[in-house]
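Chain A is the first sequence line, chain B the second, and so forth, proteins listed ahead of strands; every chain is numbered from 1.
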Amino acid sequence: MLLRRRTTSYFRNLTTETKQGSDYSKDQNFTHILNEICTITRTKPRWENTLLSQYPSFNFSNPNFFLHYLNHQNNTFLSLRFLHWLTSQCGFSPDQSSCDALFDALVDAGACKAAKSLLDDCPDFNPKPASLENYIRCLGKGGMVGDAVDVFFRLKKVGFLPLVSTFNVSLLACLKVGRTDLVWKLYAHMIESGVVGSIDVETVGCLIKAFCAEGKVFDGYELLRQVLEKGLCPDNTVFNSLIAGFCKESQYARVSEILHIMISMKCNPGIYTYQEVINGLFKRKKNDEGFRVFNDLKDRGYFPDKVMYTTVIKGLCDMGLLGEARKLWFEMICKGLVPNEYTYNVMIDGYCKIGDLVEAKKLYDDMCDRGYAENVVSYTTMISGLCLRGRVDEALSLFHEMSRKGVARDLISYNSLIKGLCQNGELVKATDLLHELLAQGFEPSVSSFTPLIKSLCEVGETGVAMRLLKDMHDRHLEPIASTLDNIIVGLCKEGNVAQGMEWLLKMISWKLKPKEQTFENLIDGLSQEDRLDDILIVLDLMFREGYRLKESIIHSLVSKFCKENFHFPKLCLEEFGERN
DNA sequence: ATAGGGTTAG
């Protein structure tokens, strides 16, 4: 609605501007034809054919005609399509003023892709610098930050310097899509262009956020100190990024320092900042610490919002403290905060994880009664919960219900069910599901493969498992350590110890830590084949990983080595000595 | 703006 209004008023201005110099405006016949053309292009899906048959001799290639069309049409997207047609079918080449009008209208409507295609289609068209500056903002809003940066360089070539605020919104746009590389590129360009004097606190705020996003929180912090020394204070979002960054590095002293800076600068930390702190603590598994901060906040008179309650409830559920979580659930309701689908889901998941499916189902039904529709997340939560208790048939029927109710499945819902099927020995169904996932065009993740490979190894299908591992490799998916443990143990069980040994060496070269059990399986297999040299290699690697040998294995190894009259290397003697 | 489901094995 807004879009249409803005476009319309733009063309109203254009109309008054172009009426004066036009020969056609007095020509009733022309106006009539123009109206007809506008109507046809608006209403007929195949308007091209109609136009050519109805107006065979009309001069579509007159630039004035297109400008008039723009005035009447008031639909920038249709106008762009019409322009395509005119240029390709009627040899029309739009003049500067037509292009200007259309370009500005597209930018005004936020249609950055269309504006870009206009530029691409008309290489001779040179928009006014001010239009390009608006275009930059439009590209940023649309997330097309790479193109936005290119336009800055284009403006530089014609000697036009955009406003600092244009730079700033573009920097923010780059941050939003995670392109910190472009933040630095654009910043370097700012310095070169000579805006350095007018760089403001917002610019620096973007740089601090960029540092945080790249995990260089301390660089961001130093920059903050510099800004503060100049008596400037960035907005809360900048402080929040720093807090989130320091939480990630478990530097809680710094977190508290930032909070104090905020208070001293009168940028009082609000609910969002505390949300960041609590979230950071819970993400770093400092749940009880997070819970403490939460209670402190309440004591100090803060009113946690729904998001904060949801975060804390989830943290308590993860700790297995369902009773505490439930208390908070009722507390928030008492304060007038109605649980939403997020809150319901963490609570349902909490009950599923402790195996209380009855309570989980009760909440699930309650959620639906309150008008929250089942969605892909709530389905996946229940599917995982059912699988965890071995109720895989019910999980499967929920999965089918999803498509009946028109809830689109996603990668996680597939992965969850694959895992559940594997845990319950339904490998054929699990494999079918992996194929279905691929056929649906999803890009599989590590979690799509991990449970299948594990189960295949356990049932003696290590060959099939290794083909899947190869498939992962081809997709540039790196297996987790335990997947390789599974392969090695599987190979040992099949008597293929040599290949198991190869995988162990590969695993260690990839800096993945094998399990103790994996070493023990290999030693057992090698021992049966009397490959004493290889046993020593495995023992060496095992000790380096910090494992110790079990008593029973020591005994069998010692007698084995003695029987072979083998010379013990120093390392093994030390290890054996330690135990005696 | 911030929050929810898969990601060790048991």
Side-chain angles (χ1 to χ4, degrees), chain A residues 172 175-176 209 235-241 243-244 247 269-280 282-283 290 294 304-315 317-318 325 328 332 337 339-353 355 360 363-364 367 372 374-388 395 398-399 402 407 409-423 430 433-434 437 442 444-455 458 477-486 489 512-518:
Chain A
L172 276 176
L175 281 174
K176 201 167 180 190
K209 285 183 184 173
D235 67 39
N236 273 14
T237 62
V238 175
F239 286 110
N240 291 354
S241 308
I243 286 174
C247 280
I271 207 81
Y272 291 120
T273 304
Y274 282 114
Q275 168 71 24
E276 206 72 71
V277 174
I278 287 174
N279 211 5
F282 278 117
K283 282 240 170 75
F294 174 74
D305 63 0
K306 209 178 284 187
V307 177
M308 198 180 276
Y309 270 106
T310 306
T311 308
V312 177
I313 288 174
K314 176 176 161 43
C317 285
D318 287 347
L328 280 191
M332 69 181 275
L337 299 170
N340 62 12
E341 44 201 327
Y342 287 83
T343 329
Y344 268 105
N345 196 62
V346 293
M347 205 69 230
I348 292 170
D349 193 45
Y351 281 118
C352 282
K353 290 286 146 66
L363 274 173
Y364 193 88
M367 179 184 81
Y372 295 111
E374 299 107 322
N375 56 66
V376 63
V377 179
S378 68
Y379 268 115
T380 308
T381 304
M382 285 307 288
I383 286 173
S384 304
L386 287 165
C387 286
L388 208 59
L398 271 189
F399 193 69
M402 286 175 81
V407 177
R409 298 154 178 174
D410 64 6
L411 182 64
I412 298 181
S413 44
Y414 273 100
N415 289 354
S416 305
L417 191 53
I418 289 176
K419 185 181 171 201
L421 289 166
C422 287
Q423 280 168 339
L433 216 53
L434 177 65
L437 177 165
F442 287 109
S445 67
V446 175
S447 307
S448 318
F449 290 94
T450 303
L452 252 175
I453 295 180
K454 175 176 184 284
S455 299
E458 281 167 358
L477 292 173
E478 289 180 10
I480 58 171
S482 71
T483 297
L484 296 167
D485 282 309
N486 298 143
V489 173
L512 293 175
K513 187 183 172 87
K515 285 195 194 106
E516 189 168 20
Q517 183 68 46
T518 305

Out of [options], whichever nucleotide has its closest atom nearest the side chain of [X]:
X: A:D349; options: B:dG4, B:dT2, B:dG5; answer: B:dG5
X: A:T310; options: B:dG10, B:dG6, B:dA3; answer: B:dA3
X: A:Y272; options: B:dG6, B:dA1, B:dG4; answer: B:dA1
X: A:S416; options: B:dG4, B:dG6, B:dA1; answer: B:dG6
X: A:T237; options: B:dT2, B:dA9, B:dA1; answer: B:dA1
X: A:I412; options: B:dA3, B:dA9, B:dG6; answer: B:dG6

Residues that [X] engages under ring-ring contact (aromatic ring centres under 6.0 Å, His included), provided they are two or more places apart:
X: A:Y372; value: none
X: A:Y274; value: A:Y302
X: A:Y344; value: A:W329

Just to be sure I understand the rule, does [X] reach a base, reach only the sugar-phosphate, or reach nothing, if contact means heavy atoms closer than 4.0 Å?
X: A:S447; result: base
X: A:I348; result: nothing
X: A:E276; result: nothing
X: A:K513; result: nothing

Distance below 4.0 Å between [X] side-chain N/O and [N] OP1 or OP2:
X: A:K353; N: B:dG10; answer: no
X: A:S482; N: B:dA9; answer: yes
X: A:N279; N: B:dA3; answer: yes

Does one side chain, of A:Q275 or A:T311, offer a donor that lies under 3.5 Å from an acceptor on the other? yes
Is it true that A:E341 and A:N375 share a donor-acceptor pair across their side chains at a distance under 3.5 Å? yes
By side chain to side chain contact (heavy atoms under 4.5 Å, CB included), A:L337 pairs with (sequence neighbours left out) A:Y309, A:M332
Apply side chain to side chain contact (heavy atoms under 4.5 Å, CB included) to A:S416 and list each qualifying residue two or more places apart in sequence or on a separate chain. A:T380, A:S384, A:I412
Donor-acceptor pair present, [X] side chain and [N] base, under 3.5 Å:
X: A:N340; N: B:dA3; value: yes
X: A:N415; N: B:dG5; value: no
X: A:T381; N: B:dG5; value: no

Toss me the dot-bracket line for DNA chain B: Watson-Crick and G-U wobble, both under 3.5 Å, 5' to 3', using | for pairs to another strand and [ ] for crossers. ..........
